[in-house]
Amino acid sequence: MAIQQKSRRSGFRGKFSLLSLFEAMATPHALDRYLELVDPMTTVRDLRGEVTDVHRSTSDTVTLTLRPTHQWAGFEAGQFVQVGVVIDGVRHTRCYSPACSQYRSDGRIELTIKAHPEGLVSQYLHRNAQPGLVVSLSQADGTFHLPTPRPDRILLVSGGSGITPVMSMLRTLLDEGYSGDLTFLHYAYTENDVSYRAELDAIASEHPTVRIALAYTDQVDGGDLHGFFGTEHLDAVAPWHTDAETYLCGPPGLMRGVKGVYEELGLSDRLHLEEFAAPTIAVSEDVDGDVTFSDSNVVAENSGRTLLEQAEDAGLSPAYGCRMGICFTCTSVKTSGCTTNVQTGEMDSEPHKKIQLCVSVPVGDVAIEI
């Protein structure tokens with residue numbers, strides 16, 4: 001046994017040393033930069049995904065099936081991944097939640113992406129994605145997922161493109177044979193705007209213990225509910241909601257409406273949510289101080305906007321991804337000064353600390369390593 005163990009360790013060291021040698025020879029570029037010239041899905045370090053199927057279920061959404069490279073470690077239903085594509089020579093990254101079950105047997109990932117009018121990456125993928133396209137991926141991340149063990153009662157609420165993480169939760173619970181009370185409540189303008197409508201209809205007919213409720217805000221017939229979220233909708237589809245755990249993802253209006261109702265009901269601790277929206281920032285009129293981008297030798301007057309926006313206004317191009325405080329791509333070191341996190345309201349005056357540029361607003365003089 002000792003000899004075998006020694007042999008395996010020696011083999012590992014040999015492979016590691018050989019890999020290290022190749023990587024040293026490839027310097028200053030990563031070895032994967034050379035491998036992608038032969039096959040972009042053959043990688044040593046980089047996690048990537050190849051589009052194997054493209055489907056458009058509504059006029060402004062596209063569903064992509066991705067085959068990830070061997071580094072993929074799986075995900076929990078509700079989490080997100082970062083997807084990177086190169087547009088006009090520049091890599092852009094955005095966050096998307098898989099919509100498939102976390103138990104999908106072939107290990108592939110399904111992403112449904114809504115083409116937002118101002119969405120550079122979503123528009124690109126909606127127009128150009130086709131089988132064979134290779135994108136960069138991150139490992140799954142995020143705290144928005146179902147707990148273990150599962151709650152006895154679960155209410156899933158979504159709106160628009162926010163359907164993806166809760167669709168993943170629904171599919172995962174069905175794969176587990178979940179036997180508790182389960183309601184899936186989805187909001188859309190009309191029935192033509194509902195992604196996965198055929199599958200949801202099939203689930204409703206095949207799983208009588210699962211309540212599927214579709215609510216339309218711009219359509220007065222069809223579906224199960226009409227208008228916007230309120231207590232009457234809750235009572236209609238999940239009369240047991242006070243004893244349930246609720247998982248919510250959707251556009252800002254729906255998020256505000258649900259959070260407001262749950263606050264009035266004293267149920268905020270039972271509401272779990274994922275927000276994929278850029279923070280709204282009210283620029284103060286009495287801002288002062290300067291922002292020093294130390295690595296670029298640039299100093300700009302503090303405008304009260306986020307540090308990412310101020311860097312771009314100064315002609316700099318720091319890396320960024322989601323622009324909403326999720327992906328951490330824009331993280332940089334603040335060497336001095338005080339900032340406010342616009343999502344949490346927390347102020348930070350600790351020097352030499354990593355902060356997210358997209359959700360940090362300077363308070364007075366700030367120096368940042370950009």
Any chance you could lay out the side-chain contact (heavy atoms from CB on, under 4.5 Å) test for Glu76 and Leu146, step after step, and finish with the verdict?
-> CA-CA 8 Å; Glu76 291 187 76; Leu146 296 166; over 6 Å; no
Kindly state each residue pair satisfying side-chain hydrogen bond (donor to acceptor under 3.5 Å, both in side chains) with at least one member in residues 104-116, sequence neighbours excluded.
-> Thr52-Arg108, Asp60-Lys114, Thr63-Thr112, Arg104-Asp106, Glu110-Arg171, Glu110-Tyr196, Thr112-Tyr196
The salt bridge (Lys or Arg N to Asp or Glu O under 4.0 Å) partners of Asp201 (sequence neighbours excluded) come to none
Write out all pairs satisfying salt bridge (Lys or Arg N to Asp or Glu O under 4.0 Å) with one or both partners inside residues 354-370, taking only residues at least two apart or from two chains.
-> none
Glu346 side-chain N/O to Asn341 backbone N/O, donor-acceptor pair under 3.5 Å | no
Does Ser179 reach the side chain of Thr209, with side-chain heavy atoms less than 4.5 Å apart?
-> no
With a 4.5 Å limit on heavy-atom distance, are the side chains of Leu267 and Val261 in contact?
-> no
Taking side-chain contact (heavy atoms from CB on, under 4.5 Å) as the test, write out the residues that go with Leu120, two or more places apart.
-> Ile87, His92, Arg94
Could you check if a side-chain atom of Asp193 sits within less than 4.5 angstrom of a side-chain atom of Thr58, using non-hydrogen atoms only?
-> no
Results of salt bridge (Lys or Arg N to Asp or Glu O under 4.0 Å) for Glu176 - residues two or more places apart only = Arg150
Determine whether Phe144 and Val157 fall in the same hydrophobic cluster, where Ile, Leu, Val, Met, Phe, Trp and Tyr are linked whenever their side-chain heavy atoms lie under 4.5 Å apart.
-> no
Under 3.5 Å, sequence neighbours excluded: what are the donor-acceptor pairs made by side chains of residues 293-300?
residue: Ser294; atom: OG; partner: Ile368; partner atom: O; Å: 3.2
residue: Ser296; atom: OG; partner: Ile370; partner atom: O; Å: 3.0

By side-chain contact (heavy atoms from CB on, under 4.5 Å), which residues pair with Val363, not counting sequence neighbours?
-> Cys338, Thr340, Met347
Tell me the side-chain hydrogen bond (donor to acceptor under 3.5 Å, both in side chains) pairs involving residues 231-240, sequence neighbours left out?
-> Tyr187-His233
Considering only distance and modelled atom types, tabulate donor-acceptor pairs under 3.5 Å from the side chains of residues 216-224, sequence neighbours left out.
residue: Gln219; atom: OE1; partner: Glu191; partner atom: N; Å: 3.0
residue: Gln219; atom: NE2; partner: Asp221; partner atom: O; Å: 2.7
residue: Asp224; atom: OD2; partner: Leu214; partner atom: N; Å: 2.8

Are any of the side-chain heavy atoms of Tyr178 and Ile154 separated by less than 4.5 Å?
-> yes
Please report, to 0.1 Å, the donor-acceptor pairs under 3.5 Å made by any side chain of residues 125-142, with sequence neighbours excluded.
residue: His126; atom: NE2; partner: Ser59; partner atom: O; Å: 3.3
residue: Asn128; atom: ND2; partner: Tyr124; partner atom: O; Å: 2.9
residue: Ser136; atom: OG; partner: Gly84; partner atom: N; Å: 3.3
residue: Ser136; atom: OG; partner: Gly84; partner atom: O; Å: 3.4
residue: Ser136; atom: OG; partner: Arg91; partner atom: NH1; Å: 3.2
residue: Ser138; atom: OG; partner: Gln82; partner atom: N; Å: 2.8
residue: Gln139; atom: OE1; partner: Ala73; partner atom: N; Å: 3.0
residue: Gln139; atom: NE2; partner: Gln71; partner atom: O; Å: 2.6

Any pair with a residue in residues 238-250 that passes salt bridge (Lys or Arg N to Asp or Glu O under 4.0 Å), sequence neighbours left out, goes on the list, sorted by first then second residue, please.
-> Arg153-Asp243, Glu245-Arg270
Residues, nucleotides or ligands: over 12 heavy atoms within 6.0 Å of Tyr189 OH | no
Could you tell me whether the side chain of Ser205 and the main chain of Ala202 form a donor-acceptor pair under 3.5 Å?
-> yes
Would a hydrophobic clustering, with Ile, Leu, Val, Met, Phe, Trp and Tyr connected at side-chain separations under 4.5 Å, put Val291 with Val333?
-> no
Indicate yes or no: at least one non-hydrogen side-chain atom of Arg197 is less than 4.5 angstrom from one of Asn192.
-> yes
Any side-chain donor near an acceptor of the partner, Asp175 and Thr172, under 3.5 Å | no
Are Val83 and Val51 connected in the hydrophobic side-chain network, where two residues link if heavy atoms are under 4.5 Å apart?
-> yes
Answer with yes or no whether the hydrophobic clustering places Ile163 together with Leu254; edges join I, L, V, M, F, W, Y residues whose side-chain heavy atoms lie under 4.5 Å apart.
-> no
Partners of Tyr247 by ring pair (Phe, Tyr, Trp, His ring centres under 6.0 Å), sequence neighbours excluded?
-> His272
If you group Ile, Leu, Val, Met, Phe, Trp and Tyr by side-chain heavy-atom gaps below 4.5 Å, do Leu156 and Met167 land in one group?
-> yes
